[in-house]
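Each chain gets a letter, A, B and so on, in the order its sequence line appears, and its residues count up from 1. Since this is a predicted model, take the numbers as computed values, not measurements.
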Amino acid sequence: MQANKIRSFLREQIKTSAISRNIHTDTSTIELTKDEKFGDLTSNCAMVWAKSVGKNPIQLAQELIQEWKNLSEYFSEVTIAGAGFINFKLDLEQWSLMMESILSDHFSFKINDPSTSELSSYHLEFVSANPTGPLNVVSARAAVIGDVLANILKTLNHQVHCEFYVNDAGNQVKLLGISVLERWKELQGLPFQIPDDGYHGSYVIEVAKTLSSRISSDTTIDQIAEWAVQEIVKEQKQTIEKYRTHFDRWFFESELRRNRKEIEVLEWLQQNNYIYESEGALYLKTTITGLDEKDRVVVTSNGTPTYFLPDIAYHLDKYRRGFRYAINFLGPDHHGVIGRMSAAMKLLNVPDDFLQIRLIQQVNLIRNGEIVKMSKRSGEIVTLQDLLNELGDNDAAVDVTRFFFLQRKVSTPLDFDLTLAKKQTEENPAYYVQYAHARICSILRQPELESYLGSQWTKTSINELQEPETKRVLRKLLEYPFVLERCGQALDPNGLATYLMELAAVFHKFYTHHRVIGQAPKVTLARVKLIQAVKKILAHGLSLCRITIPERM
RNA sequence: GCGCCAAUAGCUCAACAGGACAGAGCACAAGCCUUCUAAGCUUGGGGUUGGGGGUUCGAGUCCCUCUUGGCGCGCCA
């Protein structure tokens, strides 16, 4: 939209000036100002360059303004302020064009400026919980983050593929099989004994019940394990879909193994001398990359591959499928993976920036003021389904938790207070945003406004939108594409939730200060168009978050 | 012991690859509905951004150090 166009124009000017001063890596930024008194857009380039050019920032800023052409085409005022900020006040015409672009039918935030964004294909892996139990609340956080980030990246015109990696091979799955078998014995009234490191949760009993007709005394553990995984994954899929998160593919480790992909990788690594043997086990020389602190075992001395080997094969497979970036969201207890996996990718000649591992910090569940310790093995779990049940298991419950998780940065641990969350369904921040949308719909339903709804935006309407509370709304609208771009770059959708709160806030303030109905026709028209624009952006943002967009509340 | 992540108002969190006076919500106090939804708005109190150094025009943000909390450090996944 218009905001991108304006920024590209400025960026070009700054770039030209940078090159003529021999500045090749320019770290200056163009930002929206925090306060209207500084204009609308601001650049810090004069301050950033001052040192290497050997001039004081203010003097440099004056030179730059002289140098730049056609500023008046976009800006009504360009000033130097503070330590050397160059501030740009947008011309009314530009505000009008912005409104026009938002209100137009084929309105889009897609960024068409190749200098600001290379279009890429992203592989997003998130949640990837083990298929040995139901999804818990930590998975819920990952699900929302990954899902909304995917939506944002798509809006920015990137190709996005979301994947859930199912670790359905190895020891843990065998343990699951044993645990199910023992529970089955229990159901048959036979003596049973679940191993200490087995799975003790009550869901195992449910799985055993479901499978009871298929199990007999000569069924193998592997078979039971396979069936159990199927049941649990089915359950996980249902829950996650209910939670409005969709994966393009559920990738099974067993599939990789059936095609002997991990052996293929191992052989390649051996041929290239990256593997050595010690005490009967095979080690990968991850340390030679400088990215890992010690070499890692890939095949144990009894001949079975560790989880690491298929993991390498999986990430290589992502690369071979042609993605430009693989973003991998992991739980905080996996941070050890970063070093070894980056090292493995390097050994396989995959570009350094291909794999980007992000940690999602943990979720502490608090109930009645106490932390609920969760562990699949001990059986004390609060599942995602439990959580939804506690909150009422309806659309509102999903809205609440999705928005709650989106409000926090992924890099910080968070406390989820169950008792509070239940109460907050009445006074939740998500409602604040939704309420703004419902309020606008309510205004637009008024019969007096019917004749205005379909009218075209006219350039002069912008003159009617100059009160402080109204101008603040316009400034917020201008910010939206900046917000999306920032979220995409940071690989964190957190900023979107914050933005929606702010947009709702400026609207609510506008609402209490100004009335749409009963004004001079040109004023009513301008305000109708304004709230239509706000409605459009709110709906767009909420749909990226996959939160209900209510017409009435 | 080594490593990773964090610490911002009474509580939960913001602050956009260092930027202009650190902002919201909840809670607390006082107000605003005979006119478009009061799930809203207005006003107020509340902070040495865990402590201490440093880097620079400028630090919550970067570096060092200390304190506190969480998590890792297996031929488990």
Closest to the [X] side chain: [options]?
X: A/Tyr307; options: B/U12, B/C71, B/A77; result: B/A77
X: A/Arg486; options: B/G40, B/C16, B/A20; result: B/C16
X: A/Gln446; options: B/C36, B/C4, B/C41; result: B/C36
X: A/Lys409; options: B/U37, B/C16, B/A15; result: B/A15
X: A/Thr300; options: B/U37, B/C57, B/C76; result: B/C76
X: A/Gln361; options: B/U12, B/C5, B/C76; result: B/C5
X: A/Asp333; options: B/G72, B/G40, B/C36; result: B/G72
X: A/Lys509; options: B/C36, B/U42, B/C4; result: B/U42
X: A/Thr306; options: B/A77, B/C57, B/A20; result: B/A77
X: A/Arg515; options: B/U35, B/U37, B/A20; result: B/U35

Within the structure shown, what part of the strands sits under 4.0 Å from [X] by heavy-atom distance: base, sugar-phosphate, or nothing?
X: A/His437; value: nothing
X: A/Pro57; value: nothing
X: A/Thr498; value: sugar-phosphate
X: A/Ser411; value: sugar-phosphate
X: A/Ile338; value: nothing
X: A/Tyr432; value: sugar-phosphate
X: A/Tyr511; value: base

Say you pick atom [atom1] in [N] and the same atom in [M]; how far apart are they, in whole Å?
N: B/C13; M: B/A7; atom1: P; answer: 10 Å
N: B/C62; M: B/A15; atom1: P; answer: 13 Å
N: B/U12; M: B/G18; atom1: C1'; answer: 27 Å
N: B/G53; M: B/A17; atom1: C1'; answer: 26 Å
N: B/G54; M: B/A14; atom1: C1'; answer: 28 Å
N: B/U8; M: B/G44; atom1: C1'; answer: 22 Å
N: B/U68; M: B/G31; atom1: P; answer: 47 Å
N: B/U49; M: B/G60; atom1: C1'; answer: 5 Å

Counting only heavy atoms not in [X], do more than 12 fall under 6.0 Å of its [atom1]?
X: A/Lys285; atom1: NZ; answer: yes
X: A/Glu277; atom1: CD; answer: yes
X: A/Glu293; atom1: CD; answer: no

Kindly say if [X] contacts the phosphate of [N], meaning a side-chain N or O under 4.0 Å from OP1 or OP2.
X: A/Lys34; N: B/A20; value: yes
X: A/Arg439; N: B/A38; value: yes
X: A/Thr412; N: B/G70; value: no

Has the side chain of A/Thr512 got a donor or acceptor atom sitting under 3.5 Å from an opposite partner on the base of B/C41? no
Test the A/Arg472-A/Phe510 pair against the cation-pi criterion, namely NZ or CZ under 6.0 angstrom from the six-membered ring centroid and within 45° of the ring axis.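 No cation-pi geometry.
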Does the structure show a Watson-Crick or G-U wobble partner for B/C16, both distances under 3.5 Å? Name it, or say none. none
When both hydrogen-bonding distances must be under 3.5 Å and the geometry is Watson-Crick or G-U wobble, what is B/C73 paired with, if anything?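 B/G1 - that is the nucleotide pairing with B/C73, both distances being under 3.5 Å.
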Syn-anti status, with the boundary at 90° from 0, for the nucleotide B/C73: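 Classified anti.
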